[in-house]
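Inspection log for the structure reproduced underneath, given as structure tokens.
Chain identifiers are assigned alphabetically (A, B, ...) following the order of the sequence lines, protein sequences preceding nucleic acid strands; residue numbering begins at 1 within each chain.
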Number of protein chains: 4
Amino acid sequence: MDRGQQRRLPIFEAAMAVFSEKGFEKATVDEIAERAGVAKGTIYYNYGSKRELFLSLVEEGIKRLENAVKKEIARRKSIPAKLESLITVQLRFFDDYKNYCKVLLSEVWGQETRWEETARRIRSGYLSIIRELIDDGRKEGVIKKELETATAASALFGMVGIAALDWFLFEKEYPYDDILNTLKTLFFTGANCVKT
Amino acid sequence: MDRGQQRRLPIFEAAMAVFSEKGFEKATVDEIAERAGVAKGTIYYNYGSKRELFLSLVEEGIKRLENAVKKEIARRKSIPAKLESLITVQLRFFDDYKNYCKVLLSEVWGQETRWEETARRIRSGYLSIIRELIDDGRKEGVIKKELETATAASALFGMVGIAALDWFLFEKEYPYDDILNTLKTLFFTGANCVKT
Amino acid sequence: MDRGQQRRLPIFEAAMAVFSEKGFEKATVDEIAERAGVAKGTIYYNYGSKRELFLSLVEEGIKRLENAVKKEIARRKSIPAKLESLITVQLRFFDDYKNYCKVLLSEVWGQETRWEETARRIRSGYLSIIRELIDDGRKEGVIKKELETATAASALFGMVGIAALDWFLFEKEYPYDDILNTLKTLFFTGANCVKT
Amino acid sequence: MDRGQQRRLPIFEAAMAVFSEKGFEKATVDEIAERAGVAKGTIYYNYGSKRELFLSLVEEGIKRLENAVKKEIARRKSIPAKLESLITVQLRFFDDYKNYCKVLLSEVWGQETRWEETARRIRSGYLSIIRELIDDGRKEGVIKKELETATAASALFGMVGIAALDWFLFEKEYPYDDILNTLKTLFFTGANCVKT
DNA sequence: GATGAATGAGTTTTCATTCAT
DNA sequence: AATGAATGAAAACTCATTCAT
């Protein structure tokens, strides 16, 4: 949402809806225009091209996720506490912006050739937040040294993201808190029972 | 590969290549035909439509993953050992079929409306293997009871899948074995250091 | 330049530049406005339409050519002297207004259906000046009677115009005066050597 | 007319008609398709793009003109006779292919930026034939030495071309032979009466 | 069985023009 | 008088699919 033009908001929201329902290719500018209640030309007047509209959407979303995460992390002292709120925030974000996350995963994570630069920026932007936390944790001795940082970061993102999507999109039988707890337990202490 | 027609194999492989490079929409039947070294009509003769070709590809792939996993799992006795080989096999599969996995993630996971039935089948097909293992493990007392089964299954799939994709597609600086070990450690014992 | 509005001049000049660079169709009102440093609406306020702007440009140009030619012609007494200065003036005009002449040739001479009335007026306006001179010359016995007047007029316009364009747009290796002399020699005494 | 596909000919001819009536920009592929009696896709199947279709038209035309001229020139012995038949052939060509010539002049001569390479090739291709003749004539002493070759060549092309166009497109009151004679007389002996 | 020329519905994009301010 | 955001008709081009050979 770069500037305050009132025309951009409805377009932005219609675009989010259509892109997440249809994917980038199947989404048509006609439909976005119709849902936004503006003429097709207005979209081009404001965004230049379908691709630009899409990218501005993606950028905006990731910015929101990063901000939300950074804000929460700053509040916590210990690394584990920071990682815990990262899980909480990412899960909530995936819930709040289901559609956006679907788009993110399917278009941007999937077809790196087409969104090359944007994809790379998004990935490294968000993942490096996680990576830094894990790295700091390893140095402080609260995170296992034997974990390879980058892999652990991707894994954390993946476990939260995929679990969230599967839950939001397909199964809803068990409560939200169960997911959150399961993910935290899994990440911090693993699946194995501690032998006593 | 339904039957043994020699025409189908080159088409199948060309399709895999093109779909994974371009995604379903951007891939053209013309290009698949050219790479397969057959005429465009031949594709329609053998597969009926672009969509059918794509779906047969997806089905075949998931069948291979399921078979590989089931075979390895059958060899192991204990649940943890079975889960360990599941991680190994899935990681290897993502490495062997990077392109296919990219397609899987971006097209099938992303746009459930369009591939609805197929997507659902794939997800529940593969995920239910994991779920069963986890469930059995909980009953046997080797997997933590407090984990919600479906979430843990999705999380396992997601951590392995996303870590694998990030590694294969973007960063390759650290050895394959590090990933494998990191993922196993993470899943079984978590990231936290054990206090002594 | 119909009236003295200061807004019209910059638009007029920007339009000349853009039309001659891009041609009528490829030229956009947006670009003309930008180069003129006015808002798009201002162009419509002053000229009504893109077409009107273009035509006013064309009219103005041809008026200038006609005036220049008529003024010089009036200074000379003999028909040959008048024709000689017509060649000189037309050549200079094509040099001074290269861009305009390009537009004239490509848009107005080419597509008579679209500018019908204007094209006809321009052609007959300027050509009839030449025709009259040739006709008078024939009557006076200084121009060959066997020449068909209209053809000779067109030919004179064409030889000067095309030679000028080719020189201004493509080759510049030989001096301006050579062209002028060559054209005069050619028109008055022809290419053949006089047998002695 | 590269190959013998029967579909290309009607498209080629419809394109010639539409381009010469409307000019390159105003001509629509839809209209060409309709007039050719084929589907729009067929045009793209055969020519790749509107631009390519146009250029293939232009190339083909200039090839025909060059061939016609070269053939006639080869038949004559003396330079003046060769130049005379050049005039004859060019005039006839402009008559036979009025529409093509209109396109040639208005699009290719006019907007050199857009057809750059093609325009340059056409111009130098045909003009260099004329230039060589004039150069040879100067060396042999049958063409006036004081004429600058390139200018004389452009002038000859221009006088024949513009006179032809003006006649074919606007005035038809006087017979074809008058034009031919007028042009020959003008080029070889000039407009001035020989003083006796 | 295989082919590839032909099709036409569907998409993105452009841009002259309008009109409320 | 001047502006520029908004419009929507029009155009180039793509490509899955068909079908005569």
Next item on the list: Report yes if the side chains of I32(D) and L53(D) come closer than 4.5 Å at any heavy-atom pair, otherwise no.
Entry: yes
Notebook entry, point to check: Going from CG on L104(D) to CD1 on I122(D), what distance comes out if it is rounded to the nearest 0.5 angstrom?
Noted result: 5.5 Å
Notebook entry, point to check: Nearest to the side chain of A39(A), which nucleotide is it out of dG4(E), dG8(F), dT3(F)?
Noted result: dG8(F)
Next item on the list: Identify the heavy atoms of R35(A) and A17(A) that sit nearest to each other, and give their distance.
Entry: NH1-CB, 3.6 Å
Next item on the list: Grab the CG-P distance between L53(D) and dA12(F) for me, whole Å please.
Entry: 11 Å
Next item on the list: Measure from the side-chain N and O atoms of K102(D) to the backbone N and O of S20(D), and report whether any donor-acceptor pair falls under 3.5 Å.
Entry: yes
Next item on the list: Locate the shortest heavy-atom distance separating I11(C) from N46(C); write the atom from each residue and the value.
Entry: CD1-ND2, 4.2 Å
Note to self: Could you check whether K63(C) pairs with E66(C) (Lys NZ or Arg NE/NH1/NH2 to Asp/Glu carboxylate O, under 4.0 Å)?
What the structure shows: no
Check: How long is the line joining CG of L9(A) and C1' of dA5(F), in whole Å?
Finding: 17 Å
Check: Between atom CZ in R8(A) and atom P in dA6(F), what is the gap in whole Å?
Finding: 10 Å
Margin query: Output the rounded distance in Å from CZ (F19(B)) to C1' (dA16(F)).
Written below: 11 Å
Next item on the list: Report yes or no: is the cationic atom of K50(A) (NZ for Lys, CZ for Arg) closer than 6.0 Å to the six-membered ring centre of F19(A), at no more than 45° off its axis?
Entry: no
Notebook entry, point to check: Does Y100(B) use its side chain to pair, donor to acceptor, with the backbone of I62(B) at less than 3.5 Å?
Noted result: yes
Margin query: Expected output check: what is the dot-bracket annotation of DNA chain F, where ( ) and [ ] are pairs inside the strand (brackets for crossing ones), | is paired with another strand, and pairs are Watson-Crick or G-U under 3.5 Å?
Written below: .||||||||||||||||||||
Check: How does protein contact run along nucleotides 11-21 of chain E, one letter per nucleotide 5' to 3', with B for base contact, S for sugar-phosphate only, - for none, heavy atoms under 4.0 Å?
Finding: SBBBSSBB---
Check: Just how far, in rounded Å, is P of dG8(F) from CD of E34(A)?
Finding: 13 Å
Notebook entry, point to check: Going by atom types alone, do R64(C) and Y97(C) pair a side-chain donor with an acceptor below 3.5 Å?
Noted result: yes
Margin query: Whether N46(D) contacts dA5(E) is assessed here as follows: a side-chain N or O lying under 4.0 Å from the phosphate OP1 or OP2. Is that the case?
Written below: no
Notebook entry, point to check: I11(B) has an atom CD1; how far is it from atom C1' of dG1(E), in whole Å?
Noted result: 12 Å
